[in-house]
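Shown next, in structure tokens, is the structure this report addresses.
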Amino acid sequence: MKVLKFGGTSVGSAQNIKKVIDILQKESLSNPLVCVVSAVGGITDKLLEAGALAKQKDKKYKTVFDKIKTIHYKVIEELTPDSTTIKKEVDTKFEDLEQLLNGIFLINELSPKTSDKLVSFGELLSSFIIAKTMENMGLNTIIKNSQELIVTNSNFTKAEVIYDVTNKNIIDYFNQATQQVTILPGFVSKSHLGEITTLGRGGSDFTAAIIAAALKVEQLEIWTDVSGMYTTNPKLVKQAYPINNLSYQEAMELSHFGAKVLYPPTVQPVLNLAIPIHIKNTLHPEANGTVISNQNNGSDLTVKGISHIDKVALFTLEGSGMVGIPGFSKRLFETLASEKINIIFITQASSEHSICFGIDEGNAETAELAINNTFENEISLHKINPIIVEKGLSIIALIGDNMKSHQGISGKLFSTLGKNNINVRAIAQGASEKNISAVINNNDVSKALNSLHERFFEVNTKQLNVFITGIGNVGEKLIDQIHQQHNFLKKNLKLDVKIVGMANSRKMIFNPKGIDLNNWASQFHHADKSSIEGFYQKVIELNLRNSIFVDVTADKDVAAVYENYLKQSVAVVACNKIACSDKYANYKNLQDLSLKYNASFLYETNVGAGLPIINTLNNLVASGDKVISIQAVLSGSLNFVFNNFSDKKNFHDTVKQAQFEGYTEPDPRIDLSGIDVARKILILARENGIPMEIEDIVNDSFLTKSNLESTSVDNFYDTLIEEEPHFQKLYADAKANNCQLKYVAEYKNGKAKVGLQQIPEGHPFYNLEGKDNIVMFYTQRYPEQPLIVKGAGAGADVTASGLFADIIRIANK
Ligand code: ADP
Ligand code: ASP
Ligand code: MG
């Protein structure tokens, strides 16, 4: 004989009930079956909702009642061609239900006892409909009301089973039953006084386990809407997967800590008899599911699952009056027991100075009152403080029988939470070491589960959640590159890079699952209005693990929010130079925040676009080398200008062409004045550990006074024409010396300067072409032959690839 239980979704529609009947038909060929069913999915909640409305004298309870009726009618009509007889019988049940609701409405009261009567309709209806349908199909089926078998105490809404009477009832009944399939409602029971009771929310699993144990069957099957007990809640973590085997203890811990797929008390009755529990999926009967048993499951996984409980209140009782006083905890826990409050979590400091425990948030007020009452005397004598209550918390727990024989699990747990900026409010580890739990904020749960799942179960893949601001030339290229490399990175580097947010100054879009990069542009076209603050708020609200903010703008207001991102442990990648070339104090502050909050701040593209200049310098410094000097050509724009300008082509036209071809900033004065180059050498000096300001950099401008004093871009161009002789002279002087003109940045002995120089033939700068950049590092290890980095130092493609490299560098940290 076998016991099978089908949950709310499994009996939630005619289509699914047909699947249930299929399964029963197949399995009953070889075995007599006991089949326990839940209420039609969502009905228990609706019954409670109707009850609550009626109690509040809100007539809307009638609408909810009608809805309950319609749902059942629909199921019946779709199940049976001739539904009138079933409907007729069901109608008498609905009349009773309606009367009960009317009564609640009239007396304005809903006691736990009445509530149990009310919710029992759900299972009574579903079991009746299924049994009748099977009977009509000519199957050898009978319905038995479990209220006639399962006897409990009068603890309404979560009654305790009186096993001796219950077991006898079950054995006696099934001894004489001859049908191949017996259908019973789950969840419902009766007290020894004959009152209707229930076994607690989710209790149909328990009904099935009670019957399985009484009959000592070979197997208990729990059929539900997922393919077993998963490594963590599959609704919250997409990558979760079913666990093949679990021990009873592991299953109990997981369900106790919130894995709703199994009602926690279910394990108890079958545990001593070693009856295996098989969790199966009604919608995919072919899937293996999870077997819970005593068998050594052969799995070498230390952590088997991660679960969580929402809406926990944390209570802390503190005070010197607690130390060394026996019976203190006893009084505390007795107080809670007398209020029937279940404790989920306890931890006590070894000094006994404080005790901390977690309970369901819904019981917080009652518990607070009761405890302050119990300890009224001690509180008034200031021996202990009034109890502290914190709400809005959740518990997450790592579960596994083998955790006790492995070091470093809690280390991994807390470092993963820490890295993701998840604050841990309290910690507990069971003495059996089958479970380590931590209390965190409700709004960190999804991030915690996802990052812990990644850490313990997907050792191989890491998801990066990227938020890009600045969807211009470079931004678009970056999106294309991420799109194009997605599969490569996933396969070869085990990185899953998702772009979750995109914004420019006008619009922004988000998709926590990752924006579809096949048609991002059209989605962006229809996007919401954006703001820098709004974008930031959304990133924080989404609270995703491994979040990276990428700044592809040149906007000072965007640079001003890096600080906020870093403080929330969101990494920052920027090609925007403003933050790093601003006041030294600001640069330093960002570096410090990056260290403090363990959030990377990378800006390789600030100097030489995609060329590995900053990274090379960082590696030299980190490995103990000392920089003697840096000489560099760092402006693609100026390089273009001086490579094209000659006695045959005037300066004005050359600059115009450079601007036309996109080599200069919209205001070419930023490039020509040398400011941009000065910012770059400033950043290199700072990376070398020198606390320098932009004013400390000697800028020996090659522009004339009138160029520099120009009042607008147009006016600047006019002055270039006027000053043509000046530029021709620069050219002629260089030519006479057989030199090329290059705009050079130099750093030496803590000092830096930028300016135009005549470069003789044979010098590495002499043949520098197009928009190329070059940097020469003279160091103690490279004293004569410098370490040279050279290549294209501007352009959307290379800048995007530099940003991309920074993103990947963060992943590898
Ligand atoms: P039923 O109505 O069949 O009893 P439940 O809704 O009570 O189903 O339980 C199944 C649900 O449990 C799943 O749909 C899933 O959302 C939730 N769940 C939470 N944690 C887990 C887990 N670790 N494994 C599987 N399901 C889980
Ligand atoms: N119908 C009840 C509930 O929703 C019992 C169950 O489904 O297990 O809690
Ligand atoms: Mg359930």
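As the structure lists them, so they are numbered: ligands from 1, and atoms in each ligand from 1. These numbers were taken from a predicted model, which means no experiment stands behind them. Residue numbers start at 1 and run along the sequence shown.
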Atom 18 (N) of ligand 1 has as its nearest protein heavy atom N233 OD1, 3.7 Å
Would N342 and D360 count as having a side-chain donor-acceptor pair, cut-off 3.5 Å? no
For atom 24 (N) of ligand 1, grab the closest protein heavy atom and report residue, atom and distance to one decimal in Å. Y230 N, 2.8 Å
When you look at S191 and E195, which way does the side-chain hydrogen bond (donor to acceptor under 3.5 Å, both in side chains) test go after all the steps? CA-CA 5 Å; S191 78; E195 307 139 318; 2.6 Å; yes
Which is closest to atom 13 (C) of ligand 1 by heavy-atom distance: D225, V261, T231? D225
So, does A240 sit close enough to ligand 1 that a heavy atom of it is under 4.0 Å from the ligand? no
May I ask whether G203 has any heavy atom positioned less than 4.0 angstrom from an atom of ligand 2? yes
Pick whichever of R201, H308, K235, K5 has a heavy atom sitting closest to atom 16 (O) of ligand 1. K235
Checking K87 against Y73: charged group under 6.0 Å from the ring centre and within 45 degrees of the axis? yes
T290 and H278: side-chain donor and acceptor closer than 3.5 Å? no
Contact check, G305 vs ligand 1, heavy-atom distance below 4.0 Å: no
Nearest-contact summary for atom 5 (C) of ligand 2 - protein heavy atom, Å: E123 OE2, 3.5 Å
Under 3.5 Å, is there a donor-acceptor pair between the E454 and N546 side chains? yes
Taking the side chain as every heavy atom from C-beta outward, state whether E123 and V36 have any pair of such atoms under 4.5 Å apart. no
Within the structure, does G8 bring an N/O atom to less than 3.5 angstrom of an N/O atom in ligand 1? yes
Just jot down the ligand 2 atoms closer than 4.0 angstrom to any heavy atom of T44, in number order. 1 (N), 2 (C), 3 (C), 4 (O)
Min N/O separation K260 to ligand 1 under 3.5 Å: yes
What protein heavy atom lies closest to atom 27 (C) of ligand 1? Include the residue and the distance to one decimal. P234 CD, 3.7 Å
Going by distance only, is there an N or O of S204 that falls short of 3.5 Å from an N or O of ligand 2? yes
Under 3.5 Å side-chain donor-acceptor pair for D66 and Y61: no
Side chain to side chain, L97 and F65, heavy atoms closer than 4.5 Å: yes
Against ligand 2, does G8 come closer than 4.0 Å with any heavy atom? no
State, without any angle test, whether N442 and S394 hold a side-chain donor-acceptor pair at a distance under 3.5 Å. yes
With a 4.0 Å heavy-atom cut-off (strictly under), which part of I222 contacts ligand 1: side chain, backbone, both or neither? neither
Closest to atom 7 (O) of ligand 2 among protein heavy atoms sits S38 OG, 3.0 Å
Decide yes or no for T231 and I306: does some side-chain heavy atom of the first lie under 4.5 Å from some side-chain heavy atom of the second? no
Hydrogens and angles aside, do T197 and D116 bring a side-chain donor and acceptor to less than 3.5 Å of each other? no
N/O to N/O below 3.5 Å, does that happen between G200 and ligand 2? no
Is I343 close to L336 at the side-chain level, that is, under 4.5 Å between some pair of heavy atoms? yes
For M229, the atoms of ligand 1 under 4.0 Å from one of its heavy atoms are 24 (N)
Could you tell me whether R201 and ligand 2 have an N or O pair separated by under 3.5 Å? yes
Any nitrogen or oxygen of T224, side chain or backbone, less than 3.5 Å from one on ligand 1? yes
